[in-house]
> 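One structure is given below, represented as C-alpha cells, and several questions about it will come after.
The model shown is predicted, which means the values in this text are computed figures rather than measured ones.
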Amino acid sequence: MPKYMLIMRGTDETNAAMMASIDEAMAATGRFIEEMIKADVLLAAEGLDDPGRGVVVDFSGEAPVVTDGPYGETRELFGGYFLLEVATKQEAVEWAKRVPAVRGSKIEVRRVAEADEVPPGSESNGRI
C-alpha cells in the first residue's frame, strides 16, 4: 500500500497563533493521532523545533555554506509531518483535511516513492 506524507507548512504568523494556544493545539493533535492509530494508517508523526534553532546548508556555490536559522526568503516553514499508509492519494487528502491546523497554514500531501522507482544508477552518483 502506498505511503503519503502530510507535510505541515506554516508561517511566522501561523506558528505564533499556534503557540498562543499550544495546550489546545497539542490536545487536538493528540486526538487526531489517536484517530489515525485506530484507523491503522499512521506510520509516524513528528513536529520540528523552532526554525530559528536550525541551520541552513546552502549548496548554491562551489562549497556548501552553513548559516543559522531559516532562510530570510522563506515564507512557509516546514513544521512537521504525518506519515500515512493508505490506499489512495484521495484517502491521504481526506486525512489532511482533518488535521487540526491553524488558519492560514497549509498541509502538503506527497506520495513517498518506492525503492523500485529510483532511477537506475542514482545510488552511484550520490543522489537519490
> So with a 6.0 Å cut-off around CG of Asp40, is the heavy-atom count from everything else above 12?
no
> Please find the pair of heavy atoms, one from Ile7 and one from Arg110, that lie closest to each other, and give the distance.
CD1-CG, 3.9 Å
> I need the minimum non-hydrogen distance between Ala45 and Ile33, along with the two atoms involved.
CB-CD1, 4.4 Å
> What are the two closest heavy atoms between Ala87 and Pro2, and how far apart are they?
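So the minimum-distance heavy-atom pair works out to O-CG, 3.6 Å.
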> What about Val112 and Phe78, same hydrophobic cluster or not, with Ile/Leu/Val/Met/Phe/Trp/Tyr joined at side-chain heavy-atom distances under 4.5 Å?
yes
> Would Val41 end up clustered with Met5 when hydrophobic side chains under 4.5 Å apart are linked, directly or stepwise?
no
> Which heavy atom of Thr14 sits nearest a heavy atom of Arg103, and at what distance?
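Smallest interatomic distance, heavy atoms only, reads CG2-O, 3.5 Å.
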> Give a yes or no on whether a salt bridge exists between Lys97 and Glu94, defined as a side-chain N under 4.0 angstrom from a carboxylate O.
yes
> Measure across Glu85 and Met1 and return the closest heavy-atom pair with its distance rounded to 0.1 Å.
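Taking Glu85 first and Met1 second, the nearest heavy atoms are OE2-O, 3.6 Å.
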> In terms of side-chain geometry, is the basic nitrogen of Glu108 or Lys106 positioned less than 4.0 Å from the acidic oxygen of its partner?
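Looking at Glu108 and Lys106, the cut-off is not met.
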> Would you kindly confirm whether Phe59 and Val55 end up in one hydrophobic cluster when ILVMFWY residues are joined by side chain heavy atoms under 4.5 Å apart?
yes
> Which distance, rounded to the nearest 0.5 Å, do you find between the CD of Glu34 and the CD1 of Ile37?
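These two atoms lie 4.5 Å from each other.
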> Taking it one step at a time, do Leu42 and Leu84 satisfy side chain to side chain contact (heavy atoms under 4.5 Å, CB included)?
CA-CA 5 Å; Leu42 183 66; Leu84 309 181; 3.9 Å; yes
> State the CD-CE distance between Glu24 and Met18, to the nearest 0.5 angstrom.
12.0 Å
> Pick from Tyr4, Trp95, Phe82: which one makes a side-chain contact (heavy atoms from CB on, under 4.5 Å) with Val109?
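Answer after filtering Tyr4, Trp95, Phe82: Tyr4.
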> Determine, stepwise, if the pair Thr88 / Gln90 fulfils side-chain hydrogen bond (donor to acceptor under 3.5 Å, both in side chains).
CA-CA 5 Å; Thr88 64; Gln90 188 55 41; over 6 Å; no
> Say whether Met36 and Leu43 are linked into one hydrophobic cluster, either directly or through other cluster members, by side-chain heavy-atom distances under 4.5 angstrom.
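No, it is not one cluster - the side chains of Met36 and Leu43 are not joined through contacts under 4.5 Å.
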> Quick check on the hydrophobic clustering: are Val86 and Leu6 connected, directly or via other members, by side-chain heavy-atom contacts under 4.5 Å?
yes
> Check Gly10 against Ser105 and note the closest heavy-atom contact, atom names and distance.
CA-CB, 4.4 Å
> Could you check whether any side-chain heavy atom of Ile107 comes within less than 4.5 Å of a side-chain heavy atom of Arg9, counting everything from C-beta outward?
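No - every pair of side-chain heavy atoms lies 4.5 Å or more apart.
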